[in-house]
Amino acid sequence: MNELARLVQQTSDRVAGRCVGVVVAGVAGGAVEIHGAGRTGPGGEVPGARTLFDIGSVTKVFTALALARLTLDGTVRLDEPLAEVLTRSAAVPSRGGEAITLRHLATHTSGLPRLPRGVLLRALLRPDRADPYAHCTAERILSGLGRTRLHSAPGRNFRYSNLGAGLLGLALAQRADATYGELVDREVCAPLGLTDTCLRPDADQSARLASGHAPTGRPVPSWEFAALPGMGGLRSTAADLAAFLRAQLAAEGGPDAPLAPAMLLARETRHRVNPFAWTHLGWLGHRLHAQQGRHLQLWHNGGTGGSASFLAFDPEQQVGVVVLANSRRSVDEAGTALLRRLQVGLGAAGR
């Protein structure tokens with residue numbers, strides 16, 4: 001067993017002790033290793049590279065990449081006001097004379113609250129039992145925008161917002177005259193050959209979908225996110241997400257790599273969160289302290305009522321990790337630890 005395979009297996013076996021099932025992928029240069037442990041559900045088989053998981057907020061990276069693609073082809077502008085992209089009239093809030101733009105939504109600097117109205121109350125009343133976003137129809141979300149108070153002027157402060165990402169996906173789909181699922185497939189999945197990353201699984205994919213579980217181990221249903229799937233509605237596999245990371249790493253080699261211009265635009269666009277961290281279009285980023293090698297980490301995590309996900313890479317060291325679990329227990333720590341091991345042991349500087 002090579003070193004990459006050993007580290008990936010160690011991570012998956014360790015996480016499986018806390019989750020029902022897990023699949024871990026490691027990417028180092030051109031090599032990919034994937035290992036699964038646990039079960040897809042009660043009485044289910046061991047999950048593998050082609051097992052589908054709800055990836056939650058990792059979806060936001062796909063939404064932002066679709067934004068970058070549409071920006072480059074002139075369909076939208078990064079600094080175009082949200083109100084001008086929505087196809088139906090909506091009272092979009094502003095503050096300090098600043099309008100919310102697509103850039104603000106993708107970098108979480110819109111000033112919008114984290115959740116749409118009523119979502120937190122529904123989640124508290126019925127934790128893990130039903131989709132708290134089920135009531136978020138386009139009509140309800142857009143009619144409530146005008147009554148939403150911004151926490152800060154757009155563009156000023158970072159404030160993570162599921163609502164903002166959901167609105168971005170809704171607006172882009174409307175401008176592209178497509179559903180969100182069609183938009184992501186056309187702009188991201190099809191060009192990269194990601195055949196199992198989808199909003200609505202077909203019959204074959206549904207048979208490979210890992211059932212979600214609460215932290216107690218109780219099975220729970222998937223969330224559909226109604227009119228706001230751009231915040232967290234995609235399903236994917238470790239194989240697809242590893243291919244996605246390989247494309248992200250290949251983008252460093254030049255504009256001829258698949259979707260490289262859009263990926264680089266997403267990374268070039270940034271907003272400083274604090275002295276140590278920043279946000280790109282979709283990605284969150286930070287650089288480790290000098291004692292930790294000053295390695296770069298670009299990442300996003302995700303979670304629904306019954307799943308957890310983590311996706312991260314270092315374009316300088318040409319390594320990346322994927323962790324997918326069908327239990328609502330964070331896998332961030334395990335994913336981060338694996339990425340650091342790859343940066344030190346298998347990164348470009350160590351090969």
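Nothing here was measured: the structure is a model prediction, and the numbers come from that model.
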Legend entry - Heavy-atom check, side chain of Pro113 versus side chain of Leu163, under 4.5 Å: yes
Inset, instruction - Look at Arg208 together with Asp204 and state whether they make a salt bridge at an N to O cut-off of under 4.0 Å. - result: yes
Legend entry - Under 3.5 Å side-chain donor-acceptor pair for Thr279 and Tyr160: no
Legend entry - Pairing of Glu316 and Arg287 as salt bridge, 4.0 angstrom limit: yes
Legend entry - Basic-acidic side-chain contact under 4.0 Å: Arg267, Glu252: yes
Inset, instruction - Taking the side chain as every heavy atom from C-beta outward, state whether Thr336 and Glu333 have any atom pair closer than 4.5 Å. - result: no
Inset, instruction - Answer yes or no: is there an ion pair linking Arg200 with Glu224, defined by an N-O contact shorter than 4.0 Å? - result: yes
Legend entry - Flag for Thr197-Asp240: side-chain donor and acceptor within less than 3.5 Å: yes
Inset, instruction - Considering non-hydrogen atoms only, spot the tightest contact between Ala242 and Val322 and give its length. - result: N-CG2, 4.0 Å
Inset, instruction - List the atom of Pro191, the atom of Leu259, and the distance in Å for their closest heavy-atom pair. - result: CB-CD2, 3.8 Å
Inset, instruction - Find out whether Leu209 and Asp54 are in side-chain contact, i.e. whether some heavy atom of one side chain is under 4.5 Å from a heavy atom of the other. - result: yes
Legend entry - Heavy-atom pair of closest approach, residues Arg272 and Ala277: CD-O, 3.4 Å
